[in-house]
Amino acid sequence: QVQLVESGGGLVQSGGSLRLSCAASGRIFSIYAMGWYRQAPGKQRELVAILTSDSDTNYADSVKGRFTISRDSAKNTVVLQMNSLKPEDTAVYYCNAERVKQFFSTSYCDYWGRGTQVTVSS
């Protein structure tokens with residue numbers, strides 16, 4: 001089974017920075033994309049940033065210029081560097097691995113981490 005474990009959330013003041021990390025483990029042969037989503041109370045889960053194996057990136061408009069996603073495909077890890085944080089960035093952040101193929105498997109599946117809380121105080 002594939003597991004995603006996030007780390008790096010916490011409480012920070014407005015204007016501060018946080019670095020989120022996510023490591024995927026299991027009998028992983030390949031991962032097409034790894035990314036971060038977030039869900040604030042009372043709101044739907046939304047894409048924050050995603051990075052494909054082709055090095056294509058996609059960021060939510062609200063985080064462009066402030067957040068940077070990076071990935072180590074060899075280690076199956078993804079990092080989200082968050083700078084100039086705002087109170088509206090407060091949410092639970094979830095790591096996602098898209099189209100994961102495991103060894104000895106012919107299917108592709110998506111996986112989610114359990115989430116890490118990010119709270120930005122004003």
Side-chain angles (χ1 to χ4, degrees):
Q1 186 63 285
V2 174
Q3 290 187 325
L4 303 182
V5 178
E6 303 110 331
S7 61
L11 173 64
V12 65
Q13 289 188 332
S14 182
S17 297
L18 282 174
R19 181 181 174 92
L20 303 183
S21 298
C22 173
S25 62
R27 298 185 300 176
I28 298 170
F29 177 76
S30 65
I31 302 175
Y32 171 66
M34 294 190 76
W36 292 91
Y37 291 72
R38 67 187 181 188
Q39 187 167 19
K43 295 188 177 182
Q44 290 188 330
R45 189 174 297 188
E46 63 175 0
L47 171 70
V48 177
I50 191 169
L51 176 56
T52 73
S53 56
D54 301 320
S55 299
D56 292 327
T57 58
N58 187 25
Y59 291 92
D61 288 341
S62 60
V63 308
K64 285 180 180 177
R66 300 188 296 122
F67 291 10
T68 302
I69 189 170
S70 59
R71 179 178 170 184
D72 185 333
S73 296
K75 297 181 179 179
N76 293 322
T77 59
V78 64
V79 171
L80 184 69
Q81 178 65 44
M82 305 186 294
N83 298 327
S84 302
L85 282 161
K86 304 176 181 180
E88 50 263 44
D89 294 318
T90 296
V92 177
Y93 284 68
Y94 297 90
C95 178
N96 172 261
E98 182 181 334
R99 288 178 56 188
V100 179
K101 186 178 186 304
Q102 298 188 67
F103 285 101
F104 313 114
S105 173
T106 58
S107 62
Y108 294 84
C109 296
D110 296 347
Y111 294 91
W112 292 90
R114 299 180 68 175
T116 184
Q117 177 70 46
V118 170
T119 303
V120 184
S121 63
S122 57

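Fair warning: this is a prediction, and the values are worked out from it, not measured in the lab. Positions are given from 1 along the sequence.
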Exercise for the section: Measure from NZ or CZ of Arg45 to the centre of the six-membered ring of Tyr94, then state whether that distance is under 6.0 Å and the direction lies within 45° of the axis. Expected result: yes
Exercise for the section: Identify whether NZ of Lys or CZ of Arg in Lys64 sits under 6.0 Å from the centre of the six-membered ring of Tyr59 and within 45° of that ring's axis. Expected result: no
How long is the gap from [atom1] on [X] to [atom2] on [Y], to the nearest 0.5 Å?
X: Ile50; Y: Asn96; atom1: CD1; atom2: CG; answer: 6.0 Å
X: Cys22; Y: Tyr93; atom1: SG; atom2: OH; answer: 15.0 Å
X: Ile69; Y: Thr57; atom1: CD1; atom2: OG1; answer: 8.0 Å
X: Leu80; Y: Cys95; atom1: CG; atom2: SG; answer: 10.0 Å
X: Thr68; Y: Leu51; atom1: OG1; atom2: CG; answer: 11.0 Å
X: Asn83; Y: Arg19; atom1: CG; atom2: CZ; answer: 10.0 Å

Problem - Heavy-atom side-chain contact between Ser62 and Glu88 under 4.5 Å - result: no
Practice task
State, with a plain yes or no, whether a side-chain heavy atom of Tyr32 is found less than 4.5 Å away from one of Asp54.
Solution key: yes
Keeping the roles fixed (side chain from [X], backbone from [Y]), state whether a donor-acceptor pair exists under 3.5 Å.
X: Tyr37; Y: Val92; value: no
X: Ser105; Y: Gln102; value: no
X: Thr90; Y: Val120; value: yes
X: Arg66; Y: Ser84; value: yes
X: Asp72; Y: Ala74; value: yes

Problem - SB check Arg114 Glu6 (cutoff 4.0 Å) - result: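 No.
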Problem - Test: Asp89 and Lys86 ion pair at under 4.0 Å - result: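 Looking at Lys86 together with Asp89, the answer is no, because their closest N to O distance does not fall below 4.0 Å.
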Practice task
Verify the neighbour count for atom CD of Gln117: are there more than 12 heavy atoms of other residues, nucleotides or ligands below 6.0 Å?
Solution key: yes
With the 4.5 Å side-chain cut-off for hydrophobic clustering, are [X] and [Y] part of the same group?
X: Val78; Y: Val2; answer: yes
X: Trp112; Y: Leu47; answer: yes
X: Ile28; Y: Val79; answer: no

Of the non-hydrogen atoms in [X] and [Y], which two are nearest, and what is the gap between them?
X: Val118; Y: Met82; answer: CG2-CE, 3.9 Å
X: Gln39; Y: Lys43; answer: NE2-O, 3.1 Å
X: Leu20; Y: Gly9; answer: CD2-N, 3.5 Å
X: Arg71; Y: Thr52; answer: NH1-C, 3.4 Å
X: Arg38; Y: Ala91; answer: CB-CB, 3.8 Å

Practice task
Carefully, step by step, assess Ile31 and Lys101 under the rule side chain to side chain contact (heavy atoms under 4.5 Å, CB included).
Solution key: CA-CA 6 Å; Ile31 302 175; Lys101 186 178 186 304; over 6 Å; no
